[in-house]
Amino acid sequence: MPHIRTRFAPSPTGYLHIGGARTALFNYLYARHCGGKFVLRIEDTDRKRSTPEAIDAILWSMEWLQLEWDEGPFYQTERMDLYRERIQALLNAGDAYPCVCTPETLDAKRQAALAEKRKPMYDGTCRPPERAAVPLPEGVPYTIRFRSPESGATVVDDKVKGRVEFHNTELDDLILARSDGSPTYNFCVVCDDIDMGITHIIRGDDHLSNTPRQMQLYRALGSEPPVFAHVPLILGEDKKRLSKRHGATSVTAYRDMGYYPDALNNYLVRLGWSHGDQEIFDAREMVEKFDIDAVGKSSAVFNPEKLLWLNAHYLKERPMSRLAEDTLPYLAAKGYPIPEDRSWLEKIVETLRERAKSLVELVDMAHYFLADTVEIDEKAGRKHLVPETRNLLQEVSVRLRNLADFNEDGIEQVFGDIVAERDIKLGKVAQPVRVALTGSTVSPGIYEVIDVLGRGATLARLAASIRYIDTHSSAAK
RNA sequence: GGUCCCAUCGUCUAGCGGUUAGGACGCUGGCCUCUCACGCCAGAAACACGGGUUCGAGUCCCGUUGGGAUCACCA
């Protein structure tokens, strides 16, 4: 295949959302898979809605997802000369003409059509009878319209949808340039895609209906249309197009919630695309195996739970030292001091990684390691920190104080001895200790917890739990 | 409403005329076990409906129904 070129062309009117990210991913993967180029273009012709913040967010998100572009970012606002030149060419050839209809009359006609249940279309008031250049009006505002074929059909040979035929009578003369002279989206895209040599356009299928017009534009501009691949949209749980009201949809939100870019990419690539029964794809495998042929035709519902599962998977796969480092920003976000002893952090993280599905969850679970004191969960305290366990906690405390080798093996020995001597189940002693040390009935293995906490903190908390028993039992009387 | 697209477990999907319709998430049960989680094992769960074509349709065709997209001087 000769020099494949794909592109991602977001409009910076908001953050990069899940759907956009998948489109970008598909374009990126396809380019890489084919050994082609991936270009990034910012479609900012709508100056009113485009913001620098949105541009930053999009670029940041692309980088975070490691969707490296080879060329760009190009900005349409910097390419006005190109559009002007092309419009002039179309005007000269008679493929475009000025239209002096006002927005008001157009709107009135549209309303009337809708009221009569007719399809609202431009009625061709200003369209010249012949395909020939006409003089531009003076003294009145005008738009430039494309003179589209009035008969026949335009067929899109789509790589995912197959052959889709549109009757040209369904297509009216679209506006190429607004009355202020600025070019419109459908026109800019085509100019840019021609100019940038884009060979494959992979985008959401909400653009499918734009495609025949764009193809006509290609031809009027003297170019052959590229290959189109319209991928189905991602839907929310209510089967409606995914949007903000479905909850977290921006890439940055997932970063904030402690997700890995690998997990998000993996989830997204499997939405609408598959490779047999395979679920897990690392970055290299995605590039190797991705192909448009295997992209499905039907839309997919976004399922946060599967994404979470995938994230847990990547969390577990992560090398320990990297994982510990990954938690740093989340620790900071929660206001925890960054532990100076990195190996201690690693020990904490190691006990929690199997239990957490996201970095945020992991950091939350680490609270009893990171805070100076624990808060005893009321229900847990009532059940396990009672006079009957006071003696047991005391015993554990004494033995841990005297333990020569304070490590997991030694700690296990202590518990083993107590259990054997008293002939009780391990749970009888482990649970009260767990509540004393973590404030909760749920935690990693008790030996690990003690080991990570260290002798000092363990003894302090055990002592505190005994005071807790004393105050609570006397208060109960 | 017009045009276009789509249709396998709740969800993501495999299937490309002959399968006990497979996998994954989630769910349920069990095992493991100091709690939780991980892990392991097991289970419930789908071809939207109706016509054709064919010896034989989840697979091909048509219709119905349902869902979605789109109809701007937005992108």
Asker: If you check every side-chain atom of A/Arg270, which of B/C12, B/A75, B/U70 has the closest atom?
Answerer: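 The answer is B/C12, which lies nearest to the side chain.
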Asker: For a quick check of understanding: with a heavy-atom distance under 4.0 Å over all strands, which category does A/Gly296 fall into, base, sugar-phosphate or nothing?
Answerer: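 If one applies the 4.0 Å heavy-atom cut-off, A/Gly296 turns out to touch nothing in the nucleic acid.
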Asker: Could you check how far OH of A/Tyr447 sits from P of B/A37, rounded to whole Å?
Answerer: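 Value for this atom pair: 19 Å.
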Asker: In whole angstrom, give the distance that lies between atom CG of A/Leu114 and atom P of B/G1.
Answerer: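 After rounding, the reported distance stands at 12 Å.
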Asker: For A/Tyr185 and A/Asp206, take the nucleotide of RNA chain B holding the closest heavy atom to each; which residue's nucleotide lies nearer the 5' end?
Answerer: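 The residue closer to the strand's 5' end, by nearest nucleotide, is A/Asp206.
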Asker: With a 4.0 Å limit, can you tell me whether A/Arg213 has a side-chain N or O closer than that to the phosphate oxygens OP1/OP2 of B/U3?
Answerer: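 A/Arg213 to B/U3 OP1/OP2: no side-chain N or O under 4.0 Å.
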Asker: For B/A21, which nucleotide is its Watson-Crick or G-U wobble mate, given both distances must be under 3.5 Å?
Answerer: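 Paired with no nucleotide.
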Asker: Counting Watson-Crick and G-U wobble pairs only, both distances under 3.5 Å, name the nucleotide matched with B/A14, or none.
Answerer: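 Pair assignment: B/A14 / none.
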Asker: Which value, in whole Å, describes the distance between the P atoms of nucleotides B/C55 and B/U64?
Answerer: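 Those two atoms are separated by 28 Å.
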Asker: Need the pair for B/C9. Rule: Watson-Crick or G-U wobble, both distances under 3.5 Å, any strand; none if unpaired.
Answerer: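 Per the H-bond distance test, none.
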Asker: Please indicate whether A/Tyr122 has more than 12 foreign heavy atoms, meaning atoms of other residues, nucleotides or ligands, lying under 6.0 Å from its OH.
Answerer: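 Yes, the 6.0 Å shell around OH holds more than 12 heavy atoms from other groups.
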Asker: Return the value, rounded to whole Å, for the distance between atom CG of A/Leu307 and atom C1' of B/G26.
Answerer: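 It is 14 Å, rounded to the nearest whole Å.
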Asker: For atom C1', what is the distance between B/A72 and B/G15, given to the nearest Å?
Answerer: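 Those two atoms are separated by 43 Å.
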Asker: Base, sugar-phosphate or nothing for A/Gly445? Non-hydrogen atoms, less than 4.0 Å.
Answerer: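 It contacts base atoms.
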Asker: Watson-Crick or G-U wobble partner for B/G39, using a 3.5 Å limit on both distances?
Answerer: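 Result: B/C31.
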Asker: Across the strands shown, which category fits A/Asp107 at heavy-atom distances under 4.0 angstrom: base, sugar-phosphate, nothing?
Answerer: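 If one applies the 4.0 Å heavy-atom cut-off, A/Asp107 turns out to touch nothing in the nucleic acid.
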Asker: Can you figure out which of B/A7, B/U70, B/G26 approaches the side chain of A/Lys357 most closely?
Answerer: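 Nearest nucleotide to the side chain: B/G26.
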Asker: Is any side-chain nitrogen or oxygen of A/Lys119 closer than 4.0 Å to OP1 or OP2 of B/U70?
Answerer: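 For B/U70, neither OP1 nor OP2 has a side-chain N or O of A/Lys119 closer than 4.0 Å.
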Asker: If you assign A/His207 and A/Asn303 each to the RNA chain B nucleotide with the nearest heavy atom, which residue ends up on the more 5' nucleotide?
Answerer: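 Result: A/Asn303.
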Asker: Could you give the distance separating B/U13 and B/A7 at their C1' atoms, to the nearest angstrom?
Answerer: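 Looking at atom C1' only, B/A7 and B/U13 are 14 Å apart.
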Asker: Tell me which nucleotide among B/U70, B/C34, B/A24 gets nearest to the side chain of A/Trp309.
Answerer: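 Out of B/U70, B/C34, B/A24, the nucleotide with an atom closest to A/Trp309's side chain is B/A24.
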Asker: How far does the C1' atom of B/U8 sit from the matching atom of B/C47, given to the nearest Å?
Answerer: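 The answer is 4 Å between these two C1' atoms.
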Asker: Between B/C36, B/C38, B/C34, which one does the side chain of A/Arg355 approach most closely?
Answerer: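 So the nucleotide nearest the side chain must be B/C36.
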Asker: Rounded to the nearest Å, what distance is computed from the CZ atom of residue A/Arg241 to the P atom of nucleotide B/C71?
Answerer: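 Atom CZ in A/Arg241 sits about 10 Å away from atom P in B/C71.
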Asker: Specify the separation, in whole Å, of atom CZ of A/Arg434 and atom P of B/C34.
Answerer: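 So the two atoms are 10 Å apart, to the nearest Å.
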Asker: How would you label the contact of A/Ile446 with the nucleic acid (heavy atoms, under 4.0 Å): base, sugar-phosphate, or nothing?
Answerer: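 Answer is base: heavy atoms of A/Ile446 come under 4.0 Å of a base.
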Asker: Show, in sequence, the C-alpha distance, side-chain angles and deciding distance for A/Asp180 and A/Ser182, and conclude whether the side chain to side chain donor-acceptor pair (under 3.5 Å) test is met.
Answerer: CA-CA 6 Å; A/Asp180 66 0; A/Ser182 63; 2.7 Å; yes
Asker: Run through A/Arg422, A/Arg399, A/Glu412 and flag the one making a side-chain contact (heavy atoms from CB on, under 4.5 Å) with A/Asp417.
Answerer: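 Looking at A/Arg422, A/Arg399, A/Glu412, the match for A/Asp417 under the side-chain contact (heavy atoms from CB on, under 4.5 Å) is A/Arg399.
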Asker: Strictly below 4.0 Å, N to O, side chains only: are A/Asp195 and A/Arg79 in salt-bridge contact?
Answerer: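 Result for this pair is yes, salt bridge flagged.
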Asker: Expressed in whole Å, how much space separates the C1' atoms belonging to B/G26 and B/A45?
Answerer: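 My reading of the C1' atoms in B/G26 and B/A45 gives 11 Å.
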Asker: Which whole-number value in Å describes the distance from A/Leu310 CG to B/G26 C1'?
Answerer: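 Atom CG in A/Leu310 sits about 14 Å away from atom C1' in B/G26.
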Asker: Output yes when at least one side-chain N/O atom of A/Lys316 is less than 4.0 Å from OP1 or OP2 of B/C38, else no.
Answerer: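 Negative; the distance criterion is not met.
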Asker: Rounded to whole angstroms, how far apart are CD on A/Glu165 and P on B/G2?
Answerer: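 For the pair A/Glu165 CD and B/G2 P, the rounded distance is 19 Å.
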Asker: By nearest atom, which of the nucleotides B/C6, B/U35, B/C25 is closest to the A/Lys161 side chain?
Answerer: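 Minimum distance to the A/Lys161 side chain belongs to B/C6.
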Asker: Can you find an N or O donor on one side and an acceptor on the other, under 3.5 Å apart, linking the side chain of A/Ser179 with the base of B/C73?
Answerer: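 Per atom types, the contact qualifies.
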Asker: Under 4.0 Å between a side-chain N/O of A/Lys297 and OP1 or OP2 of B/C6, yes or no?
Answerer: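 Yes, within the criterion.
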Asker: If we take the P atom in both B/C9 and B/A46, what is their distance in whole Å?
Answerer: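 The same atom, P, in both gives a distance of 9 Å.
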Asker: Just call it for A/Pro141: base, sugar-phosphate, or nothing, with non-hydrogen atoms closer than 4.0 Å on any strand.
Answerer: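 Since no nucleic acid heavy atom lies under 4.0 Å of A/Pro141, the category is nothing.
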Asker: Need one value for A/Lys48: base, sugar-phosphate or nothing, where a base atom within 4.0 Å counts as base even if backbone is also close, heavy atoms only.
Answerer: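 No contact.
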Asker: Please classify the nucleic acid contact of A/Leu233 as base, sugar-phosphate, or nothing, using heavy-atom distances under 4.0 Å.
Answerer: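 Sugar-phosphate only.
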Asker: Mind checking if A/Thr441 touches a base, just sugar-phosphate, or nothing, with heavy atoms under 4.0 Å?
Answerer: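 Here A/Thr441 touches the bases of the nucleic acid.
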Asker: What is the separation between atom CG on A/Leu208 and atom P on B/C6, rounded to the nearest whole Å?
Answerer: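 Value for this atom pair: 9 Å.
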Asker: What residue among A/Asn27, A/Thr6, A/Asp192, A/Val39 forms side-chain contact (heavy atoms from CB on, under 4.5 Å) with A/Ile198?
Answerer: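 By the side-chain contact (heavy atoms from CB on, under 4.5 Å) criterion, A/Ile198 pairs with just one of A/Asn27, A/Thr6, A/Asp192, A/Val39: A/Val39.
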Asker: Both distances below 3.5 Å, Watson-Crick or wobble geometry, any strand: find the nucleotide opposite B/A48.
Answerer: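 In the structure as shown, B/A48 has B/U64 as its Watson-Crick or wobble partner.
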Asker: Quick one: label A/Glu279 by what it contacts on the DNA or RNA (base, sugar-phosphate, nothing), any heavy atom closer than 4.0 Å.
Answerer: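 Base: the residue A/Glu279, judged by heavy atoms under 4.0 Å, touches a nucleobase.
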Asker: Give the ring-plane orientation class for A/Phe302 versus A/Tyr254, where under 30° counts as parallel, over 60° as perpendicular and anything between as tilted.
Answerer: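 Perpendicular: the ring planes of A/Phe302 and A/Tyr254 meet at over 60°.
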Asker: Which nucleotide, in any strand shown, forms a Watson-Crick or G-U wobble pair with B/U70, with both distances under 3.5 Å?
Answerer: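 Check on B/U70: paired to B/G2, both distances under 3.5 Å.
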Asker: Does a side-chain N or O from A/Thr45 land closer than 4.0 Å to OP1 or OP2 of B/A75, or not?
Answerer: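 For B/A75, OP1/OP2 do have a side-chain N/O of A/Thr45 under 4.0 Å.
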Asker: Parallel, tilted or perpendicular: which describes the rings of A/Tyr218 and A/Phe228, with under 30° parallel and over 60° perpendicular?
Answerer: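 A/Tyr218 vs A/Phe228 ring planes: perpendicular.
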Asker: Give one of base, sugar-phosphate or nothing for A/Asn186, where a contact means two heavy atoms less than 4.0 Å apart.
Answerer: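 It contacts base atoms.
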Asker: Return no unless some side-chain N or O of A/Ser443 is found under 4.0 Å from OP1 or OP2 of B/U35.
Answerer: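 It does not, given that no N or O in the side chain of A/Ser443 lies less than 4.0 Å from OP1 or OP2 of B/U35.
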Asker: Distance check: side-chain N/O of A/Arg110 vs OP1/OP2 of B/C71, anything under 4.0 Å?
Answerer: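 For B/C71, OP1/OP2 do not have a side-chain N/O of A/Arg110 under 4.0 Å.
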Asker: Which nucleotide, B/C73, B/G1, B/G23, lies nearest any side-chain atom of A/Ile175?
Answerer: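 Side chain of A/Ile175 sits closest to B/C73.
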Asker: Report yes if the distance between the aromatic ring centroids of A/Phe281 and A/Trp273 is under 6.0 Å, otherwise no.
Answerer: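 Yes - the distance between ring centres of A/Phe281 and A/Trp273 falls below the 6.0 Å cut-off.
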Asker: Taking donor-acceptor contacts at under 3.5 Å, does the side chain of A/Glu354 reach the base of B/G39?
Answerer: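 By the distance-only test, no, there is no pair.
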Asker: Over 60° means perpendicular and under 30° means parallel, so classify the ring planes of A/His200 and A/Tyr30, tilted if in between.
Answerer: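 Geometry flag for A/His200 against A/Tyr30: tilted rings.
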Asker: What does A/Thr13 touch in the nucleic acid at a heavy-atom separation under 4.0 angstrom: a base, only the sugar-phosphate, or nothing?
Answerer: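 No contact.
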Asker: Determine whether the aromatic ring centres of A/Phe38 and A/Phe8 lie less than 6.0 Å apart.
Answerer: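 Between A/Phe38 and A/Phe8, the centre distance exceeds or equals 6.0 Å.
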Asker: When you compare B/C4 with B/G63, how far apart are their P atoms, in angstrom units rounded to a whole number?
Answerer: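 Comparing P positions in B/C4 and B/G63 gives a spacing of 12 Å.
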Asker: If you measure from the C1' atom in B/C12 to the same atom in B/C62, how many Å do you get, rounded?
Answerer: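 30 Å, rounded to whole Å.
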